Engineer: 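Next up is a structure, given as structure tokens.
Quick caveat: nothing in here was measured; it's all calculated off a predicted structure. Within every chain, numbering begins at 1; the chains are lettered A, B, ... in the order of the sequence lines, protein sequences first and strands thereafter.
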Number of protein chains: 2
Amino acid sequence: MLTIKEIAERANVSRTTVSRVLNNSGYVSEEAKKRVLKVIEDTGYVPSENAKSLRTKKTKVIGVILPKISTETSSRFVNGIDEVLAKEGYQILLTNTNLKPEKEIEFLRLLKSRHVDGIIQSATNINQPLVDEIFRLKIPFVMVGQCISGLSNVVFDDLQAIKDMVNLLIKKGHQHIAFIGVDEKDRAVGYLRKAGYIEAMKESNLDVEKSWIQKGIFDMKSGYDCMKMILDSSQNKPTAVVAVTDRLAIGAMQYIKEIGLSIPEDIAVAGMGASELSKVISPSLTTIDFSIEEAGREAASLLLEKINGQNNREIDRIIKYRLLERDSI
Amino acid sequence: MLTIKEIAERANVSRTTVSRVLNNSGYVSEEAKKRVLKVIEDTGYVPSENAKSLRTKKTKVIGVILPKISTETSSRFVNGIDEVLAKEGYQILLTNTNLKPEKEIEFLRLLKSRHVDGIIQSATNINQPLVDEIFRLKIPFVMVGQCISGLSNVVFDDLQAIKDMVNLLIKKGHQHIAFIGVDEKDRAVGYLRKAGYIEAMKESNLDVEKSWIQKGIFDMKSGYDCMKMILDSSQNKPTAVVAVTDRLAIGAMQYIKEIGLSIPEDIAVAGMGASELSKVISPSLTTIDFSIEEAGREAASLLLEKINGQNNREIDRIIKYRLLERDSI
DNA sequence: CTGAAAGCGCTTACAG
DNA sequence: CTGAAAGCGCTTACAG
């Protein structure tokens, strides 16, 4: 590896001078500058960011903690982050907990040990030890998808979004509306969306039969199974179903089609997430677009503000969603 | 920031000793070890990886260069990489060229300046300056998706895969088979897949009408347009069409449905890539599964071997594909 | 305009 | 078993 020392020798100047031309700081004579630049060009020298950040305490790297890396949501999210960070010359160090909560604290420490300038975490469920560790870190931090008071958060309006969806269904004349959710430990997707469904039903004085509410996990098969459960065990058959993810909704659609019912005539189906799938499936799926890229961009901007010391208070941003009404309802 | 010095003082030992317990190397008395561990525990000290790698010349970070970050392919690929790298304690530094070739060299240098232990690049089209820079870098490197002689490559058998697909169509009785491709500058997807189509047709002595071959870009709309072109301008209407990506194929399906033809009765459609969409669309799309995760895993393993000095020769790995025959043909 | 020297936080021979 | 000291490749007051 070439070092600044060698460049200095070849250009017949001191390391200080080389450093100056590298960083465009301080006075350097045109003569010297030219010589240094020439040597750098010839040798293909690239300064060591490691050594640099050991001195400057800045790394121009920000850490991103993802609950799952191989999903459409994650890649959109990272894309949004990258869009604003790349412009400022920041790199992304990616970590993936694969839904294992114990990994979160591990990665937090790891990112700290690598002196990232800031951290963005997209979380599903959060626990106290994690929160404690975040505060302990004292590092610019933005939480996405869940809300922790005292931190800055970028959140989605999960509650209102599903209420809008249920209300739309009600407006269309549905009274028996079923719900496919996920574990409530996931506060946003599990708890809040279920709460929104229940609130909306209550506000319209509609009864909810217990068997209309089913809990699955994050895949299509699970949506299929839940739909079967709902239809098999309900006294009053629902005429509509809303699922907390598109994937679950699409699984439900598969079951409905399979038993020969039609969508939306016999049963209307709605999902959430605006996945690519939702556009392409037939009938096209009514869903909620949560603007994931936008969340990524917001999180990155917020983090940048913190890094640059423009604000250190708690700031919460709620990302706007859009209800996409399509053919499935 | 807490440093090793402070830990040493608090534990009443030298920095050397702290370093020893941190790395579990050399002799340390139980006494001392216990004291140090206690202080670390109490303070939440995390050693600086920067300082460490400045000395050791290892960063435990590997750089990944992606042509586009927000695609299903990319996230699957990164997932595969992460699967094997995470086990070995490596982190991923992600860069995204957004299909801008000039970014590639920039990122190569950047990754070098960050002293990554190795680089994995997923490329679409490659040019000589890029190749030169890679060789200049002298860093463990694995190229994925394209083949550069002298480097280690993980490639897909694009040519044979599409030949298999075309031959299957032929076996099913199709003689007029159209093709939707992309720019041939993309050697794998553009050039090789087109070559495979042409070869397969030739081997079966089937004529190819010029208008059967259309070129699009990587989205559905483009597939739709190409299909329209094919149907509008052909003397002999094709009874089947194969597209080089699922997205293009699905776009084509949309047009076919729109004009009231049915799939596969009137026109059979095949894609490539085994996207999630392909499963869900109806009729489900016949496609090729290139095992992207597997490519990620292979690339990571190969890179690890190089980093550990187990091999430094060129090694090429061809990832197996599977033809998924579904309802669209 | 230029350079010698200190220092960032670690590790690692070396000496004891 | 332990520690003083050198060194990794940079930057940055400071002195000239």
Engineer: Is Leu66(A) close to Gln121(A) at the side-chain level, that is, under 4.5 Å between some pair of heavy atoms?
Structural biologist: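 No, their side chains stay 4.5 Å or more apart.
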Engineer: Given Watson-Crick or G-U pairs with both distances under 3.5 Å, what dot-bracket string fits DNA chain C, with | for other-strand pairs and [ ] for crossing?
Structural biologist: |||.||||||||.|||
Engineer: When all nucleic acid strands are considered with a 4.0 Å heavy-atom cut-off, which category describes Asn50(B): base, sugar-phosphate, or nothing?
Structural biologist: nothing
Engineer: Assign Thr16(A) to base, sugar-phosphate, or nothing according to its heavy-atom contacts below 4.0 angstrom with the strands shown.
Structural biologist: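 Contact class for Thr16(A): base.
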Engineer: Looking at every heavy atom in both Arg187(B) and Gln146(B), which two are closest together, and how far apart are they?
Structural biologist: CB-OE1, 3.1 Å
Engineer: For Tyr45(A) and Thr3(A), which heavy atoms make the closest approach, and how far apart are they?
Structural biologist: CE1-C, 3.8 Å
Engineer: Looking at Lys52(B), is its backbone amide N or carbonyl O close enough to the side chain of Thr56(B) to form a donor-acceptor pair, meaning the two atoms are under 3.5 Å apart?
Structural biologist: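 The answer is yes, because a donor-acceptor pair under 3.5 Å joins these two groups.
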Engineer: Taking atom P in both dC10(D) and dC14(D), what distance in whole Å separates the two?
Structural biologist: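 Their P atoms lie roughly 24 Å apart.
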Engineer: Taking all non-hydrogen atoms of both residues into account, name the closest pair between Ala32(A) and Thr17(A) and its distance.
Structural biologist: CB-CG2, 4.4 Å
Engineer: Nearest nucleotide by nearest heavy atom, which residue falls closer to the 5' end of DNA chain D, Lys57(B) or Ser14(B)?
Structural biologist: Ser14(B)
Engineer: Just checking Lys5(B): base, sugar-phosphate only, or nothing, at a heavy-atom cut-off of under 4.0 Å?
Structural biologist: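 Nothing: the residue Lys5(B), judged by heavy atoms under 4.0 Å, touches no strand.
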Engineer: Using the P atom as the point on both nucleotides, what is the distance between dC1(C) and dA5(C), in whole Å?
Structural biologist: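 It works out to 24 Å between them.
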Engineer: Tell me if the CD atom of Glu102(B) is crowded by more than 12 foreign heavy atoms within 6.0 Å.
Structural biologist: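 Count over threshold, so yes.
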Engineer: Quick one: how far along DNA chain D does chain B reach, first to last nucleotide 5' to 3', anything under 4.0 Å to a heavy atom?
Structural biologist: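 Under 4.0 Å from chain B, the extent on DNA chain D is dC1(D) to dG9(D).
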Engineer: Atom CD of residue position Gln128(B) - does it have more than 12 heavy atoms of other residues, nucleotides or ligands inside 6.0 Å?
Structural biologist: yes
Engineer: DNA chain D: Pro47(A) or Glu30(B), which has the more 5' nearest nucleotide?
Structural biologist: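 It is Glu30(B), whose closest nucleotide lies nearer the 5' terminus.
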Engineer: Could you check if a side-chain atom of Tyr191(B) sits within less than 4.5 angstrom of a side-chain atom of Asp183(B), using non-hydrogen atoms only?
Structural biologist: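 Side chain of Tyr191(B) against side chain of Asp183(B), heavy atoms only: no contact under 4.5 Å found.
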